[in-house]
Amino acid sequence: MAPGSSVFKEVLESHLMSSDYETGKAKSEAKSNSTSTKSSVGLNGKNGVSSNNGVYELLGCSVCKNLMYPPIHQCPNGHTLCCHCKVEVHNICPSCHHELGNIRCLALEKVAESLELPCRYQSLGCHDIFPYYTKLKHEQNCGFRPYNCPYAGSECSVMGDIPTLVAHLKDDHKVDMHDGCTFNHRYVKANPHEVENATWMLTVFNSFGRHFCLHFEAFQLGSAPVYMAFLRFMGDDYEAKKFSYSLEVGANGRKLMWQGIPRSIRDSHRKVRDSQDGLIIQRNLALYFSGGERQELKLRISGRIWRED
C-alpha cells in the first residue's frame with residue numbers, strides 16, 4: 001500500500017500524506033530592475049540607496065536573467081552569460097550560436113566592482129546596500145529573507161513572512177491550529193506494517209505569541225522502521241533557542257521522553273528528520289504502547305513548550 005492511501009486520525013483528523021519530504025524550492029532570483037542614487041558604503045553595507053548607474057543591467061545573464069558573478073563568460077561577438085548557463089547551453093552562445101570557448105569578460109567583472117546594489121529583500125524591510133561582490137553573501141543570510149512554507153508531505157513553493165505563512169497553512173493546507181503550550185495528540189493507523197514512509201498532517205501551535213509546527217512521520221532508520229515526532233519554530237534560529245519543548249509517549253507502565261530546542265524552519269523538514277533531532281520510537285515499541293494485538297497504531301503523544309529565561 002502506498003503512503004497516502006489511507007486516512008489517519010489525531011485529536012482532530014490527520015491525513016496521511018505522500019512521503020515527499022522536500023519542501024518547494026524558491027524560484028530563481030528575478031532580474032533586478034530597481035535603480036536609485038549612489039551612496040558610499042563599506043563592506044558590511046550601509047542604510048541608504050544604490051548606484052544610479054544602470055551598468056548593472058548589463059550584468060544580467062542572457063539565459064537565466066540572474067545577476068552574474070565571476071567568472072563571467074563571453075562569446076567572440078561579445079554576448080555574455082554566467083558560468084552555470086555556459087554549461088547548460090553546452091558551450092554554444094544562445095544569441096549567435098558561436099562556440100563560447102573560455103573567454104572571460106574581464107572588463108565587465110571589473111565594472112561590477114564599482115557598483116553598489118540594494119538587497120533583493122529591500123521590499124521586505126532590508127534597506128542596506130552592498131558592493132556588488134558582497135551582495136550575494138549578505139542575501140544568503142539576510143534577516144529579512146522570506147521563509148519557505150514548512151508544510152511537509154507535498155511540494156510547496158510558497159514563501160513569505162511568518163504571518164503570511166500562518167495564513168497560508170490555515171487556508172491552503174487546512175492544517176490544525178491550536179492555542180496553548182501543552183498538547184496531547186493521538187495518531188491512529190490500521191495495518192501499520194504496510195506503511196514504511198509517511199508524513200502525517202502538520203499541526204501548528206500558537207504559544208507565547210509565536211508559532212510552532214509539530215511533525216509526525218514514519219520512515220526507515222537504516223533497516224529499522226521508526227516513527228518520529230519533532231517541533232519546528234516559525235522564526236529564526238536565534239529566536240528558537242529562547243524556547244524548549246518536551247515530548248512523551250508511553251503505556252503499560254513504560255514511558256519514553258524527549259526534550260530539546262525547536263529547530264527553526266530555516267532548516268528544512270528533511271534536514272531535521274535526517275539529523276534525528278526529535279523523539280524517535282521504534283515501530284515495535286510504538287505498537288507495544290498502542291496495546292491490543294499490535295496490529296493497529298494507537299499512539300498518544302503529549303508535549304509541552306516553554307520559554308527559557
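This structure is a prediction, so every number in the text was calculated from the model and none was measured.
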Would you say the side-chain atoms of S264 pair up with the backbone N or O of G235, donor to acceptor, closer than 3.5 Å? yes
Expected output: side-chain S246 to main-chain W258 donor-acceptor under 3.5 Å: no
Nearest 0.5 Å please: distance from the CZ atom of F289 over to the CD1 atom of I301. 10.5 Å
So do D172 and Y151 actually touch side chain to side chain, heavy atoms under 4.5 Å? no
Between CG on residue L247 and OG on residue S302, distance to nearest 0.5 Å: 8.0 Å
Can N148 and I265 be said to form a side-chain contact (heavy atoms from CB on, under 4.5 Å), step by step? CA-CA 8 Å; N148 292 317; I265 59 171; over 6 Å; no
Give me the other members of the hydrophobic cluster that L124 sits in, counting Ile, Leu, Val, Met, Phe, Trp and Tyr linked by side-chain heavy atoms under 4.5 Å, directly or via other members. Y121, F144
Hey, does the Lys NZ or Arg CZ of R263 hover above the aromatic six-ring of F230, less than 6.0 Å from the centre and inside 45° of the axis? no
When rounded to the nearest 0.5 Å, the distance separating CD1 of I261 from CD of E308 is 7.0 Å
Can you sort out the partners of M177 under side-chain contact (heavy atoms from CB on, under 4.5 Å), two or more places apart, ordered by chain and number? V166, L169, K170, V175, V204
Could you please spell out the steps behind the side-chain contact (heavy atoms from CB on, under 4.5 Å) verdict for E239 and R210? CA-CA 10 Å; E239 297 177 291; R210 308 308 299 267; 3.1 Å; yes
M68, L58: one ILVMFWY side-chain cluster at the under-4.5 Å cut-off? yes
Between A286 and L297, which heavy-atom pair has the shortest distance, and what is it? CB-CD1, 4.1 Å
Would you indicate whether the side-chain heavy atoms of Y227 and W200 approach each other to under 4.5 Å? yes
C119 and H138: which non-hydrogen atoms are nearest, and at how many Å? SG-NE2, 3.5 Å
Establish, from distance only, whether the side-chain atoms of T164 and D161 form a donor-acceptor pair under 3.5 Å. yes
Same hydrophobic cluster for I72 and V63, using side-chain heavy-atom links shorter than 4.5 Å among ILVMFWY? no
Measuring from atom CG of L214 to atom CZ of F205, what distance do you get when rounded to the nearest 0.5 angstrom? 5.0 Å
Looking only at atom types and distance, does a side-chain atom of K86 sit under 3.5 Å from a main-chain N or O of Q74, one as donor and one as acceptor? no
Where is the tightest heavy-atom contact between P118 and E139, given as atom of each residue plus distance? O-OE2, 4.2 Å
How about F243 and F212: are their ring centres within less than 6.0 Å of each other? yes
R232 and H269: side-chain donor and acceptor closer than 3.5 Å? no
4.5 Å side-chain heavy-atom contact, C64 and C82: yes
Using side-chain contact (heavy atoms from CB on, under 4.5 Å), reason through W306 and C181 one step at a time and then give a plain yes or no. CA-CA 7 Å; W306 65 92; C181 57; over 6 Å; no
Measure the CG-OH distance between L115 and Y133 for me, rounded to the nearest 0.5 Å. 8.5 Å
Only one of Q282, R254, R283 passes side-chain hydrogen bond (donor to acceptor under 3.5 Å, both in side chains) with Y288, and that residue is R254
Heavy-atom closest contact (G278 atom, Y245 atom, distance): CA-OH, 4.3 Å
Would you say the side-chain atoms of E248 pair up with the backbone N or O of K255, donor to acceptor, closer than 3.5 Å? no
For the pair H168 and C149, evaluate side-chain contact (heavy atoms from CB on, under 4.5 Å) and give the outcome as yes or no after the intermediate values. CA-CA 8 Å; H168 164 68; C149 173; 3.5 Å; yes
Going from CD1 on I281 to CZ on F216, what distance comes out if it is rounded to the nearest 0.5 angstrom? 5.5 Å
C93 vs N77 side-chain heavy atoms within contact, under 4.5 Å: no
L165 versus P150, closest heavy-atom pair with distance: CD1-CD, 4.3 Å
Is any side-chain heavy atom of R266 closer than 4.5 Å to a side-chain heavy atom of R145? yes
Show the nearest heavy-atom pair for residues L81 and P94, with the distance to one decimal. CD1-CD, 4.4 Å
Are L100 and L108 co-members of a hydrophobic cluster defined by side-chain heavy atoms under 4.5 Å apart? no
Decide yes or no for S290 and E296: does some side-chain heavy atom of the first lie under 4.5 Å from some side-chain heavy atom of the second? no
Does the side chain of D236 reach to within under 4.5 Å of the side chain of Y147, using non-hydrogen atoms? yes
Where does the angle between the aromatic ring planes of F183 and H185 fall among parallel (under 30°), tilted (30 to 60°) and perpendicular (over 60°)? perpendicular
Taking only Lys NZ, Arg NE, NH1 and NH2, and the carboxylate oxygens of Asp or Glu, determine whether E113 and K110 approach each other closer than 4.0 Å. yes
